[in-house]
Amino acid sequence: NNFLSQKNFICSWKLPEGWNVSGKSSVALNKGPHEGFVQAEYKITSGERVNSKNILVLEIACDGHHEVALIPIVLLG
């Protein structure tokens, strides 16, 4: 897709019980001829209960599209 357009991505987290995340809930990508990436910073705080294997999932959706990207993250405690 070589069309110049702006995309708005909605980012949401599925976290273990008691865990919290802070950071942007959406990021914008201005796609130009030399652009095509975006970054965001998140701070994840664990709750009182940390298992030996903790699974977090980052869900990324784009306005106007029905596809959703799910990115699993495994943290070993």
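This chain uses plain numbering: 1 for the first residue, then up along the sequence. Not measured: the values here are computed from a predicted model.
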Joint cluster assignment, [X] & [Y], ILVMFWY side-chain distance < 4.5 Å:
X	Y	answer
Val21	Val68	no
Leu76	Trp19	no
Val50	Val74	no

Would you be so kind as to tabulate the donor-acceptor pairs closer than 3.5 Å made by side chains of residues 39-46, with sequence neighbours excluded?
{"residue": "Tyr42", "atom": "OH", "partner": "Lys24", "partner atom": "O", "Å": "2.9"}

Pairs touching residues 64-77 that satisfy salt bridge (charged side-chain N to carboxylate O under 4.0 Å, His left out), sequence neighbours left out: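 Applying salt bridge (charged side-chain N to carboxylate O under 4.0 Å, His left out) to every pair that reaches into residues 64-77, excluding sequence neighbours, yields nothing.
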Please set out all donor-acceptor pairs under 3.5 angstrom arising from side-chain atoms of residues 53-63, sequence neighbours excluded.
{"residue": "Asn54", "atom": "OD1", "partner": "Asn51", "partner atom": "N", "Å": "3.0"}
{"residue": "Asn54", "atom": "ND2", "partner": "Asn51", "partner atom": "O", "Å": "2.8"}
{"residue": "Asn54", "atom": "ND2", "partner": "Leu75", "partner atom": "O", "Å": "3.3"}
{"residue": "Asp63", "atom": "OD2", "partner": "Asn8", "partner atom": "ND2", "Å": "3.2"}

CA sep, side-chain torsions, deciding dist, call: Ile73, Trp13, side-chain contact (heavy atoms from CB on, under 4.5 Å): CA-CA 11 Å; Ile73 300 169; Trp13 288 87; 3.7 Å; yes
